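Quick caveat, the model's predicted, so the values are computed rather than measured. Numbering starts at 1 and runs along the sequence shown.
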Amino acid sequence: MKRRSPQENPHPSLFVDANSSKEPASARARPTAAAVPLATRMRPLTLDEYVGQAHLLGEKGVLRQAITVDRIPSMILWGPPGSGKTSLAAIIGRTAKAKIASLSAVSAGVADLRKVVEESQARLELTGQRTILFIDEIHRFSKSQQDAILPYVEDGTVTLIGATTENPSFEVNAPLLSRTRVYKLEPLSDAEIMALVERSVADTERGLGRQQVAMQPEALSYLISMANGDARVALNALELAVELVRADDTGKRLVTRDSIAQALQRRVLPHDKKGDFHYDLISAYIKSVRGSDPHAAVYWLARMLEGGEDPLFVVRRMVILASEDIGLADPQALGVAVAAQQAVHFIGMPEGIFPLTQATLYLATAPKSNSALRAYVAAREAVNEMGNLSVPLHLRNAPTGLMAAFGHGKDYKYPHSFAGNWVEEAYLPDPLQGQRFFEPGAEGFERTLQQRLAEFAERRKKAEAEANEPDEPMPDTR
């Protein structure tokens with residue numbers, strides 16, 4: 001059987017051990033097989049080729065200095081898809097004087113980890129060579145799997161490089177997190193995506209240079225815009241667009257905006273159902289509604305829905321903020337939010353965007369007040385401070401004769417028996433008499449509530465004055 005050459009290997013490894021073969025490093029590290037995606041072929045091989053993450057890999061970047069002096073700490077590379085996590089780990093693997101072991105958390109288990117650890121321990125004892133263990137998508141590892149690697153990271157048997165798109169604060173165990181450094185990678189800028197695209201078009205060894213590709217300026221701008229900082233999306237879309245374009249008589253392939261659009265189909269919107277995108281987008285939405293900006297609110301709504309967010313999650317947040325941030329400034333806001341929830345549940349998507357948008361615009365333009373929240377917080381503080389205060393006897397229920405005999409409900413004044421359906425009465429426990437928990441604002445319907453409370457206070461003042469007036473003396477009839 002004919003043996004494959006490195007160039008023919010359809011699945012080249014990103015982590016080639018420099019001592020594992022006598023073949024030239026360039027032959028092992030530069031895959032050019034047509035079956036390998038362009039994004040993989042164009043992975044940088046050195047720090048000088050690497051694009052992006054200047055805060056880590058710039059001239060004075062802390063990670064660049066660590067790589068240069070071969071003092072690689074255990075680390076977590078945290079960043080969005082296509083930001084260069086795997087490429088960076090591969091560069092570290094090539095430059096470090098260490099054995100590289102690579103695992104994917106999607107398919108690897110504890111047995112695979114133990115095998116790597118055993119080999120690492122033996123190598124360290126026999127040759128003194130350390131091992132760098134790269135774990136892709138480390139957030140996919142369970143707690144027990146992360147616990148399994150912890151002792152060997154701590155004692156230096158392996159140097160861990162984990163890659164994740166999820167927030168390590170939530171997805172990596174605290175003990176393992178405390179023994180690693182977290183480096184946050186940012187999405188690539190438009191200029192950085194452009195540099196990668198132009199390099200790929202010009203590169204005749206790994207890129208598309210031999211296909212005589214030319215891009216219309218509007219095609220390049222559109223590709224960069226649609227990639228959203230994801231290098232993999234940009235390069236894979238570029239490759240497909242080139243394949244869709246027929247060469248002219250001179251062999252030249254002109255990539256247009258339409259061919260890019262055909263390759264992409266639709267913009268890639270990064271989103272997740274429980275991670276940072278999920279919470280960051282809903283946070284932006286809530287704060288936009290709270291800030292009375294309907295334009296921003298409907299934008300973040302569209303970002304969530306087009307990214308695949310559960311519309312019922314969004315509308316639940318609407319119901320909450322209708323009370324928390326609008327409240328009695330517009331009592332109808334809660335009804336609008338609940339109606340939107342019922343409508344979305346009833347009709348589903350995509351038609352659900354109509355009640356969702358209507359409710360969003362209503363809530364964003366409604367007057368705002370958090371008086372309900374402030375009232376509850378103040379009442380809760382009183383409960384926590386004063387404890388289990390007794391209910392005044394006149395407010396207690398008296399369903400039986402025995403309870404009535406003990407004074408339950410005695411002297412209770414039924415408001416509807418008095419003019420204006422109001423009567424001076426004490427409703428708080430004695431230690432809290434006079435305490436005010438609710439202070440309405442001056443926006444919307446709460447102006448009316450201010451007037452009502454002022455009227456009640458005036459009535460109360462008048463009733464107290466009448467109660468404190470001395471009784472008139474009885475006339476002398478002698």
Side-chain angles (χ1 to χ4, degrees), residues 14-15 17 53 55-57 61-67 69-125 128-186 270 272-280:
L14 297 174
F15 300 91
D17 180 13
Q53 317 309 329
H55 61 295
L56 298 176
L57 301 171
V62 60
L63 191 49
R64 187 184 190 98
Q65 295 180 29
I67 296 171
V69 300
D70 196 23
R71 298 286 294 177
I72 310 299
S74 288
M75 69 183 77
I76 303 293
L77 301 177
W78 169 33
S83 57
K85 299 182 296 297
T86 304
S87 295
L88 178 55
I91 290 173
I92 294 173
R94 293 190 189 97
T95 57
K97 299 174 182 177
K99 173 70 177 181
I100 308 301
S102 176
L103 295 177
S104 172
V106 175
S107 57
V110 172
D112 300 294
L113 290 172
R114 288 174 178 166
K115 181 179 179 181
V116 171
V117 167
E118 291 172 358
E119 293 175 350
S120 302
Q121 290 172 328
R123 186 179 304 108
L124 193 61
E125 293 175 0
Q129 186 184 31
R130 59 198 174 95
T131 300
I132 293 179
L133 172 58
F134 174 72
I135 302 179
D136 196 16
E137 299 192 74
I138 193 171
H139 60 274
R140 297 288 190 94
F141 267 166
S142 65
K143 183 179 184 299
S144 62
Q145 289 172 312
Q146 293 184 28
D147 286 342
I149 195 64
L150 176 62
Y152 308 105
V153 172
E154 186 172 20
D155 67 16
T157 300
V158 296
T159 298
L160 173 66
I161 300 179
T164 179
T165 57
E166 304 293 334
N167 191 329
S169 301
F170 305 114
E171 303 298 336
V172 179
N173 289 352
L176 184 57
L177 195 61
S178 69
R179 290 160 177 81
T180 59
R181 299 181 187 180
V182 176
Y183 296 113
K184 191 172 189 301
L185 279 66
E186 302 295 340
D272 46 47
K273 291 300 182 68
K274 61 178 182 178
D276 285 348
F277 282 116
H278 171 78
Y279 292 109
D280 287 348

Check: Where do S120 and E118 land on the side-chain contact (heavy atoms from CB on, under 4.5 Å) test, with the steps shown first?
Finding: CA-CA 5 Å; S120 302; E118 291 172 358; over 6 Å; no
What are the two closest non-hydrogen atoms of [X] and [Y], and how far apart are they?
X    : Y    : value
P151 : A148 : CD-O, 3.7 Å
I135 : A105 : CG2-CB, 4.1 Å
D70  : A96  : OD1-CA, 3.6 Å
H55  : K184 : NE2-O, 2.8 Å
Q53  : S83  : NE2-O, 3.2 Å
Q146 : I138 : NE2-O, 3.9 Å

Which value, rounded to the nearest 0.5 Å, describes the distance between [X] atom [atom1] and [Y] atom [atom2]?
X    : Y    : atom1 : atom2 : result
Q145 : R140 : CD    : CZ    : 11.5 Å
T164 : F170 : OG1   : CZ    : 12.0 Å
S169 : W78  : OG    : CH2   : 6.0 Å
T95  : I91  : OG1   : CD1   : 8.0 Å
I72  : R181 : CD1   : CZ    : 10.0 Å
L56  : M75  : CG    : CE    : 9.5 Å

Check: Any luck finding a side-chain donor-acceptor pair between R123 and T131 under 3.5 Å?
Finding: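 Looking only at side-chain atoms, T131 and R123 do form a donor-acceptor pair, the distance falling under 3.5 Å.
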Is there a side-chain contact between [X] and [Y], using heavy atoms and a 4.5 Å cut-off?
X    : Y    : result
L160 : L176 : yes
I100 : L133 : no
Y152 : V116 : no
I161 : L88  : no
I132 : K99  : no

Check: Is R179 salt-bridged to D155, cutoff N-O under 4.0 Å?
Finding: no
Sequence neighbours excluded and cut-off under 3.5 Å, please list the side-chain donor-acceptor pairs for residues 107-115, or say none.
unit_1, atom_1, unit_2, atom_2, d
D112, OD2, G109, N, 2.8

Next item on the list: Quick one: do V182 and L177 satisfy side-chain contact (heavy atoms from CB on, under 4.5 Å)? Show the steps, please.
Entry: CA-CA 8 Å; V182 176; L177 195 61; 3.6 Å; yes
Notebook entry, point to check: Quick check: does any side chain N or O of K85 sit under 3.5 Å from a backbone N or O of L185, one acting as donor and the other as acceptor?
Noted result: no
Check: H139 pairs by side-chain contact (heavy atoms from CB on, under 4.5 Å) with which of V172, T165, N167?
Finding: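 Option passing the side-chain contact (heavy atoms from CB on, under 4.5 Å) with H139: T165.
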